[in-house]
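What you see is a predicted model, and the numbers here were worked out from it, not measured in a lab. Residue numbers start at 1 and run along the sequence shown.
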Amino acid sequence: MPAPPLTEAEVAAAEREFGVVFPREYRDFLLTAGAGGGRITTLVHGPDGWFWAGDDRTDFGRLAEPFRDREAIRRQWAELAAREPSRDCRPVEWQAWDDECAVVHARETAGALFLSTDGVSDVWLAISGPHAGTLWFDMRATADLIVPLTSPAGRPLTFSEWRAADERALYARLYRVG
């Protein structure tokens, strides 16, 4: 069941708490359609402040960081791969390298809000930076990719278009292309 819409004061309070301004279409959704529900995580206020109910993926402390450029992330992964220790190295060397990998993995979704999952892959909304307002499909569980959600013509989908899209067709196309 969808949560009721938030007030302008509530949305502004959440934005202040996270140090961001929500992308226009997401903000409009919160104010008119509801705070979430169904396939979209729900923005709620609790005793410790604002959070998205059931969201264990978003790093709320990093929402204000710019969502990373995919090419920069690819370069970071390539640099790490080039330095991957041999399996014969000491465990401490392997752990240090693996810890660096975890940092890059976490950077991949900094500045983005987890919206939904199809059970395997996740949908993220870029909140901050030059990609703010764009949607991303996180296929790291199966393909080590995060790709933009686009229309069949290749144009980035808007939040409203994603909400209205046939999820099965959208995700099936992504799994074929990704």
Side-chain angles (χ1 to χ4, degrees), residues 1-7 9-70 72-74 76-77 99-150 156-163 165 167 170-171 174 178:
M1 180 161 171
L6 299 174
T7 67
E10 290 171 322
V11 171
E15 290 173 325
R16 273 192 309 277
E17 186 170 317
F18 294 117
V20 300
V21 173
F22 295 135
R24 184 189 54 77
E25 284 194 8
Y26 180 67
R27 195 173 204 287
D28 290 347
F29 166 78
L30 294 171
L31 292 168
T32 60
R39 69 179 182 161
I40 301 174
T41 54
T42 303
L43 180 60
V44 296
H45 189 267
D48 295 327
W50 289 95
F51 65 99
W52 283 268
D55 180 356
D56 62 355
R57 293 168 175 89
T58 300
D59 185 342
F60 302 140
R62 297 180 80 177
L63 274 178
E65 289 183 29
F67 182 71
R68 299 302 197 276
D69 174 80
R70 297 297 93 190
I73 292 289
R74 276 190 282 279
Q76 287 180 312
W77 280 120
D99 291 346
E100 286 185 73
C101 290
V103 169
V104 175
H105 185 76
R107 282 184 188 144
E108 290 201 68
T109 55
L113 168 66
F114 167 75
L115 288 179
S116 182
T117 186
D118 68 359
V120 176
S121 301
D122 301 331
V123 175
W124 293 82
L125 172 64
I127 296 290
S128 301
H131 296 290
T134 60
L135 294 139
W136 296 78
F137 196 60
D138 183 347
M139 302 188 309
R140 290 179 293 178
T142 58
D144 284 335
L145 293 171
I146 298 179
V147 297
L149 284 172
T150 59
L157 283 183
T158 67
F159 178 77
S160 298
E161 289 171 330
W162 170 75
R163 282 185 50 227
E167 283 184 287
L170 177 65
Y171 300 152
L174 281 164

Next item on the list: Evaluate the criterion side-chain contact (heavy atoms from CB on, under 4.5 Å) for residue pair Q76 and R107; output intermediate values, then yes/no.
Entry: CA-CA 10 Å; Q76 287 180 312; R107 282 184 188 144; 2.9 Å; yes

Notebook entry, point to check: Shortest non-hydrogen contact from T32 to D28?
Noted result: OG1-O, 2.6 Å

Item checked: Test applied, side chain to side chain contact (heavy atoms under 4.5 Å, CB included); reference residue, L113; option that passes from I127, L43, V123, V20 -> I127

Next item on the list: Could you pull out the closest heavy-atom pair between W162 and L115, with the gap in Å?
Entry: CZ3-CD1, 3.8 Å

Let me have the donor-acceptor pairs involving side chains of residues 9-18, under 3.5 Å, with sequence neighbours excluded, atom names and distances please.
unit_1: E10; atom_1: OE1; unit_2: T7; atom_2: N; d: 2.7
unit_1: E10; atom_1: OE1; unit_2: T7; atom_2: OG1; d: 3.4
unit_1: E15; atom_1: OE1; unit_2: R27; atom_2: NE; d: 3.4
unit_1: E15; atom_1: OE1; unit_2: R27; atom_2: NH2; d: 3.0
unit_1: E15; atom_1: OE2; unit_2: F22; atom_2: N; d: 2.8
unit_1: E15; atom_1: OE2; unit_2: R27; atom_2: NE; d: 2.9
unit_1: E17; atom_1: OE1; unit_2: W50; atom_2: N; d: 3.3
unit_1: E17; atom_1: OE2; unit_2: W50; atom_2: N; d: 2.9

Item checked: CA sep, side-chain torsions, deciding dist, call: R57, T109, side-chain contact (heavy atoms from CB on, under 4.5 Å) -> CA-CA 9 Å; R57 293 168 175 89; T109 55; over 6 Å; no

Margin query: If I compare all heavy atoms of S121 with all of D138, which pair ends up nearest, and what's the gap?
Written below: CB-O, 3.1 Å

Check: Would the number of heavy atoms belonging to other residues, nucleotides or ligands and lying under 6.0 Å from CZ of R140 be above 12?
Finding: yes

Check: If you look at every heavy atom in P66 and P130, which pair is closest and at what distance?
Finding: CB-CD, 4.5 Å

Margin query: Is there a side-chain contact (heavy atoms from CB on, under 4.5 Å) between F137 and I146? Walk through the geometry before answering.
Written below: CA-CA 5 Å; F137 196 60; I146 298 179; over 6 Å; no

Next item on the list: Specify the closest pair of heavy atoms between D122 and T117, including all atoms of both residues, with the distance to one decimal.
Entry: OD1-OG1, 3.0 Å

Notebook entry, point to check: Can you say whether the rings of F60 and W52 are parallel (under 30°), tilted (30 to 60°) or perpendicular (over 60°)?
Noted result: tilted

Checklist line | Shortest non-hydrogen separation from A126 to P23 and the atoms involved | finding: O-CG, 3.5 Å

Item checked: Audit row: F67, W124, ring pair (Phe, Tyr, Trp, His ring centres under 6.0 Å) steps and yes/no -> CA-CA 10 Å; F67 182 71; W124 293 82; 8.2 Å; no

Check: How long is the gap from CZ on R163 to CG on L157, to the nearest 0.5 Å?
Finding: 13.5 Å

Next item on the list: Please list, chain by chain and in numerical order, all residues satisfying ring-ring contact (aromatic ring centres under 6.0 Å, His included) with F29, sequence neighbours excluded.
Entry: F159

Checklist line | CD on E108 to CH2 on W136, rounded to 0.5 Å | finding: 11.0 Å

Check: About how many Å separate CG of L135 and OG1 of T158, when rounded to the nearest 0.5 Å?
Finding: 7.5 Å

